[in-house]
Colleague: 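Handing you a structure now.
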Amino acid sequence: MKESIIVKILRYQPEKDQKPHWQTYRLDVPADSTILDILNEIHWNHDGTLAYRRSCRSAICGSCAMKVNGQNVLACETPMHKFRGNRLKIEPLPGFPIIKDLVVDMDGFFDKLQRVKPYMVVDKPIPDKEFLQSPEEFSRIRESAYCILCGACTSSCPSLWANENYLGPAALLKAYRFIFDSRDDGTDERLDIINDRNGLWRCHTIFNCMEACPKHIDITGCISRLKNRVVDNSL
Amino acid sequence: MPEKNYRETSRRGGTLWLLQRVSAVVIFVLLMIHYVTYHFIGDGTITYDKITAKMASPWFNLTQILFLVTALFHGLNGIWMVTEDYIHQRAPRLLLASILIILGLLLLYGGTSTVLNAGYPGRVSQ
Amino acid sequence: MYKRRKPYDLSYTHFVGSWAWLLHRLSGLALIFYLCLHVWVIHTLTLGPESFNRLMAFLTSPLFRILEAGLWGVILYHAFNGVRVIVVDFFGGSLSHKKLFLVLIAVAFLLWAAGSAVIIGHIH
Amino acid sequence: MKPEEARSVHQIDAVVVGAGLAGLRAALELARNGIEVAVLTKVYPTRSHSGAAQGGIAAALANVAEDSLELHMFDTIKGSDYLGDQNVIELFVQEARKTVYDFEHMGVPFSRTEDGRINQRPFGGHSSPRACFSADITGHVLLHTLYEQCVRHRVHFYNEFQVVSLVIEDHVSRGVVAWDIRHGGLHLFHAKAVLLATGGYGRAFKITSNAHANTGDSLSLILEAGLPLEDMEFVQFHPTGLYKHGILLSEAARGEGGYLLNGKGDRFMATYAKEKMELAPRDLVSRAEQTEINEGRGVDGKDYVCLDLRHLGREKIMDRLPQVWELALNYLKVDAIEAPVPIQPTAHYSMGGIPANIHTEVIFNASGDVVAGLYTAGEASCLSLHGANRLGTNSLQDAATFGRLAGGRMADFIRQAGFSSLPANPLDRARDRIGHLISGGNGRERHALIREELQQNMTRHAGVFRNAEGLKQLLQTVRELQERYRNVRIDDVNHPFNLDLMEALEVGHLLNFSEVIVEGALVRTESRGAHFRTDYPKRNDQNWLAHTLAWKTDSGVHLNHDKTVVIYMDRFPPQERKY
């Protein structure tokens, strides 16, 4: 069963456009199409010049985050029927520079991630087998390990829009992932890094990140725990 | 690997964040008391005599000054937090911080002097 | 590369959290402005009863009573959303922040209605 | 800029193509050895499809039940239907534990037992709970942890670089040529050692669990370089692909106790594998499902059966299988807590690939002569660890372990080798290919349509069940599509982020090696592991206990079955495979 839809896409072709502009496509697609299915349909059968990122199409690789009808989603897991009226408005992630069409520059995003020492630091001797960690200790970091680095959260944050140097929710969540890992020895240094004008304190509990997160991670909760940890440490 | 330094080291963030919340709680309590006593009990008119009568109590004055201090801090720090989001250069930030501090001191002086001077009926000419 | 410069993306659908935050900021700015006025007005106490009472008579006119009811609303919003922020920050309320918002704003609304009734009732 | 000149030439000790588990693990090993290494990836490292692996990574840690290396080895050999090289399998099981502990020390968040050790769950074909896991995101956490460690060890990442040709002359690897997707333009990487770790090629099929990026690029490039591929006819179909989408529902769903139901509501696996039931190996379960569907016992007479998790209860589903639950809900609107989930077999894993010896060195003939400086690991490779069928959770282990070993081997090689000289015009091939696609000429064909046709035909004729007639027809189709591909014209003629160009290149690769898959399947007149011929339903050890090597020549595919399988006759002689 097919349905007619109207799709507006923010296009930007660096070799000919001064700035982005809207282009409208009208097409018939199966009723159970996802946003990615629709982009593929346009790209494969109508307009090969459309550029976007995609890979796994099962919501785990994090390539296809974009803004659809006013909110950041993963195109691959979002059915068009999430939005009423068969009208779609698709834009690249806000807050990031546009490379082409729906493809944004993620370098700054990954760069910020690297600022928080996103790897386990171990000072203690390495055992022959595994480090022991209780199920409770594991469950503290489990949710934060689900992050797929799609950028939907950081891009949705008004603090980032206002200040491009803000670390953003994804990097803070990554810091959380290690700070609350019972095996890690780099906590103090990491806390010191995020205790910064462009770090923790730009989070104003706006919750856009949690609305955008395709993995439904309690990002704001994690950041709040980080704030308390920093304050506890300095008291 | 691109090495851009995003850091603007300032360890005041946590202190200001915590004080903003502590002051909020203080203000919440004082303000509710203030509203009940001034606006909801009685006929709603506020006169010189009523106020100066209350100001005879040093305890009352203390709460008024506490309220003034916390509210000024909370409000001006609030402005500071908002502008920190949008103003990123050092110079305008310093300027703004100075303005906020001077404004705070002026208001603190004005408010405190009101409370202290108006609190003694003897000083008021009949 | 095209770099977009927007300090706030108005087209980003507003969710409960971002509305709450936006209104919190706006109400906060309004309140600090009011606080300045308030300190200035109360300062007339030092000028003696006549000028103070004259000013008070002016400020208790019906128009100002209505403004006062509005002020009471702004204060309640800022205060009760502030409670929500504190619950999120210190009591693990992040997952129930929307419910919290509804409940607290409902309470604030009731208080506003009751308070405003008293304030408007003072109009003679 | 015109593609005629290279945008830049990089000279670097080691180049790793592909940033999945194998590629990153090798890069990390190289970096730990102090070797400068460049990782080229079509996507971003954390977007690689290793991250989609859910269930676990196999290692006989014996943390929750008794286990041994011998048992892991036997399970893998039996799973491979005796086509796996037993010396490789032996090395694999020996190194597996070290690989897992090393991961744990790097910070991988594993699910834990009550006493704080790495938790393990049962998996298809394994006779002991051997799958070390992290909820149902095992691949994801391994991939991210490796990326983190690579960042820490200053690995040079070239993100969104698509390799367009290999520079190999006189059986010596000299580097690779890659297209910078983001800016456009060719880059020449002159390297002492190159690792090909580009993963699988599930995108040759219509119903597949694989990502859009899984187009087996390096396999096609190997063929072009005049080198052979091995055992390409063995493609694993995973039993639990989400109906119509093919998206993978982890085998962990069955490991945790999920049932498979046919249209009548029966647990049909009782007919096919009485003892192991749902936990029989994947080839067997997929065939069972397909048989149920073909014989009209699919649900509502349609082409699917169901995965039933309801009896596990909400708590267990949400704790152990949250991703499975969410995928079913998002794509099929089925709440797995309350209803069975429609599933069908989906193309999942390629056992075959680039032939390599036990040291991950690429070989170019049946006697095992190596291409100097060229290595391969992970799904792209065929060390013949998995033989004719892979066991679940052995793939993450394969990629990680042989990635690690490849890195070490490359480091040793690099220390004693110099840079081999480049040929006169190393860019020619890449430049021609891209120039041809971008200028287009008078072509009218759309690559997407060609790919679609290829995928549908591959799924139909080279899927779970195969026969001579279908395969011959398919071969014809593939050749016709190859003809049509010559006239492909792309819409986008600009250089920055040209998705159209990327996809056109990929379709060319798919067509290139699909012919090898089909030809290999047609010639192998037996059924073994994942390769099932309805016209030859029995395994035939007498004639076919041998690896397939396949070259592309001007006159078509050239096959050779001289490469023997390494079997320890005294320990693991071939026997009938029953579960």
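By convention in this document, chain letters (A, B, ...) are assigned in the order of the sequence lines, proteins followed by strands, and residues within each chain are numbered from 1.
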Colleague: Drop me the distance from B:Thr15's OG1 to A:Trp201's CH2, to the nearest 0.5 angstrom.
Modeller: 8.0 Å
Colleague: Which heavy atom in A:Arg202 sits nearest to a heavy atom in B:Met81, and how many Å separate them?
Modeller: NH2-O, 3.4 Å
Colleague: Who are the side chain to side chain contact (heavy atoms under 4.5 Å, CB included) partners of A:Lys16, not counting sequence neighbours?
Modeller: A:Gln13
Colleague: Is it the case that the side chain of B:His88 and the backbone of A:Ala162 share a donor-acceptor pair, with hydrogens and angles ignored and the cut-off at 3.5 Å?
Modeller: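 Yes: the side chain of B:His88 pairs with the backbone of A:Ala162.
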Colleague: Mark yes when over 12 heavy atoms from residues, nucleotides or ligands other than A:Lys124 sit less than 6.0 Å from its NZ; otherwise mark no.
Modeller: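 It does: A:Lys124 NZ has more than 12 such atoms within range.
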Colleague: Quick check: under 4.5 Å, non-hydrogen atoms only, which of residues 63-79 of chain B neighbour chain A?
Modeller: none
Colleague: Should the heavy atoms of other residues, nucleotides or ligands under 6.0 Å from CD of A:Gln23 be counted, would the total exceed 12?
Modeller: yes
Colleague: Determine the minimum heavy-atom distance between A:Val231 and B:Gly14, stating which atoms define it.
Modeller: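 Reported closest heavy-atom pair: CG2-O, 3.9 Å.
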Colleague: Under 4.5 Å, heavy atom to heavy atom: which of residues 206-227 of chain A reach chain B? Give them by number, or say none.
Modeller: A:Lys227
Colleague: State whether the number of non-hydrogen atoms from other residues, nucleotides or ligands found under 6.0 Å of B:Tyr109 atom OH is greater than 12.
Modeller: no
Colleague: Name all residues meeting the side chain to side chain contact (heavy atoms under 4.5 Å, CB included) criterion together with A:Asn228; count only those two or more places apart in sequence or in a different chain, and write none if there are none.
Modeller: B:Trp17, C:Phe90
Colleague: What is the distance from atom CG of A:Asn163 to atom CD1 of B:Ile87, rounded to the nearest 0.5 Å?
Modeller: 11.5 Å
